[in-house]
Protein chains: 2
Amino acid sequence: REVMNREVISAHVLDDQEAVSQTMARYDFLALPVVDDENRILGIVTVDDIVDVIQSEAVEDLQLMGAVSPTEEPYHTLSLLMRVRKRLGWLILLFFAQILSASVIQHFSSMIDQVVALTWFVTLLISTGGNAGSQSSAIIVSGLAAGQIRPRQWWRIVLRESIVGIVIGTLLGLLLFSRAVMVDAGIFVALTAGISMFLIVVFATMIGTLIPLILRRLGLDPALTSSPFIATISDITGLLIYFNIARLFWAKISGM
Amino acid sequence: REVMNREVISAHVLDDQEAVSQTMARYDFLALPVVDDENRILGIVTVDDIVDVIQSEAVEDLQLMGAVSPTEEPYHTLSLLMRVRKRLGWLILLFFAQILSASVIQHFSSMIDQVVALTWFVTLLISTGGNAGSQSSAIIVSGLAAGQIRPRQWWRIVLRESIVGIVIGTLLGLLLFSRAVMVDAGIFVALTAGISMFLIVVFATMIGTLIPLILRRLGLDPALTSSPFIATISDITGLLIYFNIARLFWAKISGM
């Protein structure tokens with residue numbers, strides 16, 4: 001009784017394997033007892049099993065982040081049909097979402113007809129939004145995977161990430177405005193592009209932060225927030241922001 | 001001497017920690033001797049250290065794939081300045097690369113002026129290319145991280161991925177062609193969009209496969225093939241493919 005340590009760190013039988021591996025990584029244990037609700041020992045998990053778990057979870061996260069349905073099967077034994085199936089579903093889903101972006105551009109065709117220079121910065125704007133959003137989601141997904149971020153603190157995380165988004169958005173907005181002035185896009189297009197850049201980066205940062213947190217709350221894998229998924233959402237909202245700001249300015253200019 | 005096993009699996013002192021953890025994961029070892037060039041034992045690595053290594057490598061890969069410079073420091077203690085610095089460098093680099101995409105569109109302004117419907121599918125095309133490329137790189141990066149893919153077999157991997165690209169590209173090309181006909185984009189734009197979709201998906205798949213393999217060959221971390229990086233390359237080449245095919249068809253039509 002004298003050598004007994006009452007504070008036993010253990011894993012519950014219903015714990016997720018990712019949580020168990022985080023506990024073992026934190027305490028450098030070689031084995032962990034697994035208990036039930038009444039603290040009865042049901043067995044142990046040893047660290048060599050955990051190595052496999054962590055490695056396969058990491059591979060799964062990387063694949064999900066790239067919008068690939070993960071499989072347990074190793075790369076070389078997958079058939080062509082399986083290779084295509086793992087990817088095609090996501091691509092078609094994202095394709096149909098992107099049809100919305102085509103509709104947005106189509107809707108503003110008459111304005112593009114009048115100011116072709118508006119099209120110059122479309123891909124730059126939406127891609128930068130996608131990049132900023134992918135960064136946020138990579139930070140949140142990896143923070144959750146490492147057990148550094150707890151979903152309960154979501155409002156603090158969102159606040160921090162949005163400040164980062166505002167700082168980055170301001171800098172990139174000024175950069176795009178200067179570039180647009182330099183290539184003689186006209187002050188109207190330059191202002192529209194600069195302001196849109198700011199708003200798009202801030203919005204994409206929020207989306208990239210919130211979606212993995214919401215997925216975790218819902219009990220889903222936050223790595224489902226793939227970069228392609230974030231990019232598609234920020235493409236559509238980016239176009240809406242850009243063309244609506246252009247229309248607003250356009251109305252003011254035409255009204256003069 | 002009778003109980004001796006001559007085939008000792010060991011790690012070399014100069015081995016990368018990722019390689020060591022792959023060996024331990026494969027054999028379910030609790031410890032591994034570390035030897036020098038003459039097979040003299042210098043020490044051992046235990047599995048609990050490896051758990052930390054695998055976890056931090058996984059976090060690093062996830063961050064790199066999202067174009068975030070990884071840090072050892074946990075999420076909550078990072079200052080605002082560090083948060084911005086980890087991301088801004090990548091975003092500005094990608095911004096300057098995207099200026100090329102703006103120049104491509106600017107260069108084709110007179111054709112866009114004549115056929116505004118060409119702009120409708122620009123974001124859909126380049127984003128689908130980026131998605132297909134991100135998928136390939138996610139598969140290759142995770143395959144390399146799990147030790148399932150060896151860079152020596154690169155030609156076989158490239159061959160397999162390009163077949164997948166051709167199958168997926170054909171299906172998505174037909175889908176976009178049908179969609180363009182449906183929304184009355186005109187047969188000229190529909191054909192241009194469909195053929196471009198095929199070529200863009202095949203090209204992006206190749207890029208997404210080759211870059212992580214090349215990075216590994218160069219001794220760099222293949223996870224540097226971030227989705228934003230792939231997306232930017234496939235944006236620029238995608239626009240070049242699309243508008244050049246449009247110009248080709250346009251020349252034929254105008255010539256009639």
Side-chain angles (χ1 to χ4, degrees), chain A residues 24-25 28 30 47-48 50-52 54-55 58-59 61-63 65-68 74-75 80 83-84 87-88 91 94-95 98 101-102 105-106 109 112-113 116 119-121 123-124 126-128 131-132 134-135 138-139 141-143 145-146 148-149 163-164 167-168 172 227-228 231-232 235, chain B residues 24-25 28 30 47-48 50-52 54-55 58-59 61-63 65-68 74-75 80 83-84 87-88 91 94-95 98 101-102 105-106 109 112-113 116 119-121 123-124 126-128 131-132 134-135 138-139 141-143 145-146 148-149 163-164 167-168 172 227-228 231-232 235:
Chain A
M24 295 189 82
D28 280 344
L30 292 176
V47 73
D48 57 305
I50 290 301
V51 168
D52 299 335
I54 297 179
Q55 197 152 60
V59 167
D61 280 0
L62 282 173
Q63 293 189 343
M65 292 282 287
V68 178
Y75 178 81
L80 176 66
R83 270 169 220 280
V84 171
R87 300 166 64 160
L88 195 62
L91 286 180
L94 293 166
F95 178 95
Q98 280 289 351
S101 76
I105 301 176
Q106 194 175 354
S109 278
I112 294 169
D113 220 4
V116 176
T119 60
W120 298 356
F121 305 109
T123 55
L124 194 160
I126 62 169
S127 291
T128 307
N131 296 345
S134 298
Q135 286 186 330
I139 289 170
V141 170
S142 65
Q148 288 172 1
I149 293 177
I163 293 169
V164 172
V167 173
I168 288 175
L172 292 177
S227 299
T232 301
D235 280 5
Chain B
M24 294 188 81
D28 280 344
L30 292 177
V47 74
D48 55 306
I50 290 300
V51 168
D52 299 336
I54 296 179
Q55 197 152 59
V59 167
D61 280 0
L62 282 173
Q63 293 189 345
M65 292 282 287
V68 177
Y75 179 81
L80 177 64
R83 268 168 221 279
V84 171
R87 299 167 62 161
L88 195 62
L91 287 180
L94 294 166
F95 178 94
Q98 280 289 351
S101 76
I105 302 177
Q106 195 176 351
S109 278
I112 294 170
D113 219 4
V116 176
T119 62
W120 298 356
F121 304 109
T123 55
L124 193 160
I126 63 168
S127 293
T128 306
N131 296 344
S134 299
Q135 286 186 330
I139 289 170
V141 170
S142 65
Q148 289 172 1
I149 293 177
I163 293 170
V164 171
V167 173
I168 288 175
L172 291 176
S227 301
T232 300
D235 279 6

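Model, not experiment: these values are computed from the prediction. The sequence lines fix the lettering, A, B, ..., with proteins before strands; numbering per chain opens at 1. Both backbone and side-chain heavy atoms feed into the values below; hydrogens, waters and symmetry mates do not.
Only the side chain of D235(A) comes within contact range of chain B, with at least one heavy atom under 4.5 Å from a heavy atom of that chain. Only the side chain of I126(A) comes within contact range of chain B, with heavy atoms under 4.5 Å apart. In this structure, chain B has a heavy atom under 4.5 Å from the side chain of I112(A), while its backbone stays farther away. For a residue to count as touching a neighbouring chain, one of its non-hydrogen atoms must lie under 4.5 Å from one of that chain's; by this rule T119(A) touches chain B with backbone and side chain alike. Looking at V164(A), both its backbone and its side chain come within 4.5 Å of chain B, counting heavy atoms on both sides.
No side-chain heavy atom of Q98(A) sits less than 4.5 Å from a side-chain heavy atom of N131(B). You'll find the side chain of I163(A) stays beyond 4.5 Å of the side chain of R83(B), heavy atoms only.
Listed by chain and number, the residues in a side-chain hydrogen bond (donor to acceptor under 3.5 Å, both in side chains) with S142(B) are Q63(A) (sequence neighbours excluded).
Of the listed residues (P228(A), A138(A), S134(A)), the one with the most heavy-atom contacts under 4.5 Å to chain B is P228(A). By number of non-hydrogen pairs under 4.5 angstrom with chain A, the leading residue of L88(B), I168(B), L91(B) is L91(B).
Taking each heavy atom of F95(A) and T128(B) in turn, the nearest pair found is CD1-OG1, 4.5 Å.
For S101(B) and T123(A), the side-chain atoms include at least one donor-acceptor pair closer than 3.5 Å.
Rounding to the nearest 0.5 angstrom, the gap separating the CD atom in Q135(A) from the OG atom in S227(A) is 10.0 Å.
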